[in-house]
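Heads up, the thing below is written out as structure tokens.
Remember, it's a predicted structure, so these values are computed and weren't measured experimentally.
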Amino acid sequence: MRNVGYKNVKNKFDSKDALNKNYAQPLMTDGLSMQTLDGNHDFSGRVGCKSNNNYLSVNANVSASGNVTAYISIDSNLDGSIDQNGSFSDIAVVCANGYQKCTKGARDCETYRWLSSPGISSLLMQTDEEIASVHSCYCVNHACSPNIASHNRDEIIRTLGNGVASVMQQNNPYYTISAVRNVAGSLAFYGQDLVSCDTEIMPELHKYKNKSRQLLADGNSATSDDKYIMVESLVSQTGNAGSLASCSIRRNFSFVPVTDEDVLSFASGQGRLRSCGLNCLELTVGIDDNNTFDVGGRCVITNILTRLKVGIPDKLISATLVASSFEEALNLSTDVGGVIATFNGLPVNAVGSSSCTGNRRDTQSFNRTIDITDHFKRQGFVNLRGTLASYRGASYYYKIRFIINAEIEKTTRLSIFAQGRDYITCEYTLSSGTVSCVTDGIAHKAEISNTWNVNELCGTETTINKTSDANYSSSIATGQLDLSFSVNHIQTPSCANAFTGKIKLTDITSSSDTSPYLSQRVFFTLNKPTCELVETVNNACTRYEGRCLLEREEVDGMTTINKMLSTGLTLLPSSRFINGTVCSSNVIRNYFVKERTYGCGSDTTPLDIDTSRFIKPVVAGDSVSINMANSGSGSGSVSIPMPEIPTHDACIQSCEVRSTQTDTRVNLTGEVSKGRKNDTLYKKSYRACEAEICPVQKGETMIQSCGCLNEFGKAMTMMQLIRLAGKDMICTDGNTTTDQL
């Protein structure tokens with residue numbers, strides 16, 4: 001085995017087909033031999049029964065709606081004959097370990113999960129846990145995409161078959177897949193035939209069922225002197241010496257109620273921000289009045305600065321300039337989006353008397369609306385700048401209206417009065433303000449303080465609370481308030497009944513005296529919360545990352561890493577319903593919880609590898625020989641093929657481009673460009689070429705095309721010029737140059 005060539009090993013391992021042919025099939029199939037790595041010796045490697053038994057077949061038909069019916073046949077006792085058949089209809093969503101029946105595309109679904117069952121009649125279990133019980137799901141119904149099931153029929157059959165085969169193996173280890181074939185459109189799974197098993201093999205295999213530790217111990221004992229096992233064990237001990245540590249990475253969610261000030265607030269400057277109705281804020285800057293201040297009959301430029309703070313841009317629905325008035329000319333701008341509006345042609349950076357004509361001495365009003373929402377869709381401070389050009393008497397005024405989505409709280413009051421007798425019953429509607437009452441009293445009165453709009457105020461989280469206060473009277477009242485009465489809210493107003501209610505006041509004492517009166521005030525408080533979802537990630541694995549090896553990882557229950565190797569499984573984004581105290585939401589994320597196990601090495605016992613017997617390697621041609629001096633007589637060597645050295649270009653292809661800029665630099669003497677003929681400045685840049693093409697951008701000119709540029713000489717020349725220029729600089733004493741310092 002010492003002289004096994006790299007190519008011999010590569011040919012047996014480098015593809016899925018090679019692994020299946022040289023190792024997997026000889027392990028399970030009678031009559032197929034396994035070979036040593038050098039190909040010189042054949043031997044029987046079969047560890048199980050003959051593997052030509054078709055124990056599972058899966059087929060599927062697609063209906064006109066796109067739903068799938070799966071047909072499954074199994075050999076329940078592994079005697080070589082299919083003995084159970086079943087069908088599973090109306091499949092709209094296919095999953096790796098089950099499926100879903102849905103009435104509306106991929107909504108309103110019933111979830112089914114494959115079970116580890118000996119028979120086809122109990123292969124399924126219905127569950128209400130939905131996405132938590134199945135994984136790797138995809139829709140096949142026409143509601144998701146037309147003809148998706150027909151185009152992907154083979155993939156659907158493969159997913160269903162793999163799911164059923166997986167749970168059958170959990171129930172019986174002899175359902176080992178030796179081959180999967182497409183037979184006339186059906187997917188056929190082949191495994192072991194128990195009838196063909198030798199009496200010597202069966203007891204040996206069966207004794208390890210549910211005894212994985214015994215199997216591991218016997219395997220280690222049988223291969224204790226195998227060189228590969230020794231090396232593999234040495235490598236794994238590098239990271240696993242020490243203890244195992246478990247930790248998790250978890251997403252946490254909470255809801256924070258959002259108020260007007262959370263969305264938008266006034267920070268500083270001129271103007272004021274106040275409510276203009278439901279979910280409405282209005283910024284007013286200036287006074288809508290002629291001749292607010294006197295500028296003395298000359299042209300004056302006035303800057304009007306206002307600063308707002310945007311807390312939650314997503315909750316700001318719109319911003320609109322709704323009105324403006326001024327004398328002469330006005331422009332408005334922000335530091336976020338630039339110019340909002342220019343009136344009478346006033347430029348943003350206006351200066352001097354040329355901005356005034358002296359002809360527009362009356363107030364100019366512009367009431368057209370301008371959408372300026374984009375100027376405020378950024379979190380942080382937004383600076384509004386107004387520039388006013390005025391002559392003689394000056395005035396300015398503008399108004400911006402903001403529509404926001406914030407928490408709403410409204411209050412109204414129902415007042416009821418009845419003079420004398422025993423009862424009064426009133427039906428009322430808070431949306432219209434109407435009240436209709438019936439009483440046996442001699443007089444009555446009822447009213448609602450203000451109305452509510454059902455469409456604006458109703459939502460899934462809207463709540464209405466009521467409090468009572470028996471302190472309402474009328475000018476027509478006589479006598480004293482009757483305090484011995486009961487209040488019965490027969491129907492409480494809510495969004496479900498469009499804010500309609502019914503209330504009855506009843507005198508609980510018997511009397512013929514009509515001088516006392518019944519009275520009640522009921523306060524209703526409506527709250528419609530708007531919340532911001534706050535998400536944090538609690539990573540308890542930080543202390544292990546970088547210094548320990550990741551042994552195992554489960555992402556939302558799916559194993560992605562096992563024994564330091566990737567399983568190849570990738571979790572699709574999933575959803576969870578987050579329920580807060582006042583708000584709730586359906587959240588979709590790539591993961592919610594990662595459970596990890598790390599193997600942490602011991603810092604005090606480093607791995608000691610003896611290299612004292614290694615002799616300097618010798619490189620010859622395309623291989624390297626490593627000689628080792630044995631403890632006894634003689635020596636040994638091993639040859640390792642050299643990996644192919646990649647080739648690369650002689651250099652990175654690059655080019656030189658030039659762009660023209662205006663020199664705006666300044667120094668102690670003023671503008672730098674004043675000492676030159678003009679303020680034009682040339683900027684040179686080097687760019688990496690792509691497919692021998694120089695990426696010249698707008699406003700640039702290529703001055704050197706793609707090639708192996710060497711600018712070392714130019715750089716040295718520039719450095720020498722700087723050095724020589726320094727020699728000509730004289731210090732303050734008039735004698736010493738900088739070169740002499």
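- Contact check for D260 versus L281: side-chain heavy atoms found under the 4.5 Å cut-off.
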Would you sort out whether F417 and L518 count as a side-chain contact (heavy atoms from CB on, under 4.5 Å), showing the intermediate values? CA-CA 6 Å; F417 162 81; L518 301 174; over 6 Å; no
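- Cysteine sulfur proximity is satisfied for C458 and C495, their SG distance being under 2.5 angstrom.
- Rounded to the nearest 0.5 Å, atoms OG1 (T369) and CD1 (I400) are 12.5 Å apart.
- At distances below 3.5 Å, not a single donor-acceptor pair connects side-chain atoms of S248 with backbone N or O atoms of N539.
- Without hydrogens or angle criteria, N497 side chain to T492 main chain gives a donor-acceptor distance under 3.5 Å.
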Begin from the C-alpha positions of T111 and Q100 and carry the test side chain to side chain donor-acceptor pair (under 3.5 Å) through to its verdict. CA-CA 4 Å; T111 302; Q100 291 182 326; 3.0 Å; yes
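- Summarising the geometry of G311 relative to Q379, their closest heavy-atom pair is O-NE2, 2.8 Å, with the distance given to 0.1 Å.
- Here the closest heavy-atom approach between residue R401 and residue C276 is recorded as CG-SG, 4.1 Å.
- In this structure, K377 contributes its side chain and L316 its backbone to a donor-acceptor pair below 3.5 Å.
- A salt bridge does not link E700 to K684: none of the charged side-chain nitrogens sits closer than 4.0 Å to a carboxylate oxygen.
- Among pairs with a residue in residues 258-283, none fulfils ring pair (Phe, Tyr, Trp, His ring centres under 6.0 Å), at least two apart in sequence or across chains.
- Between T530 and K315, some side-chain heavy-atom pair lies under the 4.5 Å cut-off.
- Separating the CG atom in N579 from the CG atom in N586 is a distance of 11.5 Å, to the nearest 0.5 Å.
- By the 4.0 Å N-to-carboxylate-O rule, R596 lies close enough to E545 to be salt-bridged with it.
- Taking 4.5 Å as the limit, every side-chain heavy atom of V657 sits out of range of all side-chain heavy atoms of T701.
- Under the ring-ring contact (aromatic ring centres under 6.0 Å, His included) criterion, F402 pairs with F376, not counting sequence neighbours.
- Checking V285, L308, L332 one by one against L384, the side-chain contact (heavy atoms from CB on, under 4.5 Å) holds for a single residue, L308.
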Stepwise side-chain contact (heavy atoms from CB on, under 4.5 Å) check, I404 with I317: CA-CA 5 Å; I404 61 175; I317 308 303; 5.6 Å; no
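- Counting heavy atoms from C-beta on, the side chains of H489 and K466 come closer than 4.5 Å.
- N279 and N405 form no side-chain donor-acceptor contact under 3.5 Å, judged by distance and modelled atom types alone.
- Between S705 and M702, the shortest heavy-atom contact is CA-SD, 3.8 Å.
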Walk me through whether C694 and C655 qualify under disulfide bond (SG atoms under 2.5 Å apart). CA-CA 6 Å; C694 183; C655 58; 2.0 Å; yes
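- The two residues D556 and S574 have their closest heavy-atom pair at OD2-OG, 4.0 Å.
- Inter-residue side-chain proximity for V258 and I312 is flagged as met; some heavy-atom pair is nearer than 4.5 Å.
- Taking CG from L273 and CG from L283, the interatomic distance works out to 6.0 Å, rounded to the nearest 0.5 Å.
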Would you sort out whether Q491 and T500 count as a side chain to side chain donor-acceptor pair (under 3.5 Å), showing the intermediate values? CA-CA 8 Å; Q491 177 174 298; T500 60; 3.1 Å; yes
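- In this structure the side chain of F253 reaches within 4.5 angstrom of the side chain of R589, judged on heavy atoms.
- Here the options are H375, R378, R385, the test is side-chain hydrogen bond (donor to acceptor under 3.5 Å, both in side chains), and the partner is T334; only H375 passes.
- Note: F524 and Y428 have tilted aromatic rings, judged against thresholds of 30 and 60 degrees for the angle between ring planes.
- Side chain of R687 to main chain of P695: a donor-acceptor pair is present (N/O by atom type, distance under 3.5 Å, no hydrogens or angles).
- Annotation: cation-pi pair K594/Y591 present, NZ/CZ under 6.0 Å from the ring centroid and within 45° of its normal.
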Apply side chain to side chain donor-acceptor pair (under 3.5 Å) to the pair S449 and T412, showing each step before the final yes or no. CA-CA 6 Å; S449 60; T412 189; 3.1 Å; yes
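- Within the model, atoms CZ of F499 and OG of S431 stand 7.5 Å from one another, a figure rounded to the nearest 0.5 Å.
- Between T451 and S432, every side-chain heavy-atom pair lies at or beyond the 4.5 Å cut-off.
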Full working for side chain to side chain donor-acceptor pair (under 3.5 Å) between N383 and D335: CA-CA 6 Å; N383 297 312; D335 60 342; 3.1 Å; yes
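- With a 4.5 Å cut-off on side-chain heavy atoms, I370 and T320 do not count as touching.
- Cation-pi geometry between R251 and F592 is not satisfied (NZ or CZ under 6.0 Å from the ring centre, within 45° of the ring normal).
- Sorted by first and then second residue, the side chain to side chain donor-acceptor pair (under 3.5 Å) pairs with a member in residues 265-277 read Q270-Y396; sequence neighbours excluded.
- Looking at every heavy atom in both residues, P493 comes nearest to I464 through O-CD1, 3.6 Å.
- Counting heavy-atom neighbours within 6.0 Å of E535 CD, excluding the residue itself, gives a total above 12.
- Of the charged side-chain nitrogens involved, none lies within less than 4.0 Å of a carboxylate oxygen, so that E409 and K528 do not count as a salt-bridged pair.
- Annotation: the span from R576 atom CZ to S585 atom OG amounts to 14.5 Å, rounded to 0.5 Å.
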Between I408 and K410, is a side-chain contact (heavy atoms from CB on, under 4.5 Å) present by the stated rule, with each step listed? CA-CA 7 Å; I408 300 172; K410 296 184 72 67; 3.9 Å; yes
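- The line from CD1 of I416 to NE2 of H444 is 10.0 Å long, rounded to the nearest 0.5 Å.
- Scanning both residues, T373 and A319, for their nearest heavy atoms gives OG1-N, 3.1 Å.
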Step-by-step side-chain contact (heavy atoms from CB on, under 4.5 Å) determination, Q520 to S468: CA-CA 7 Å; Q520 186 71 29; S468 298; 2.8 Å; yes
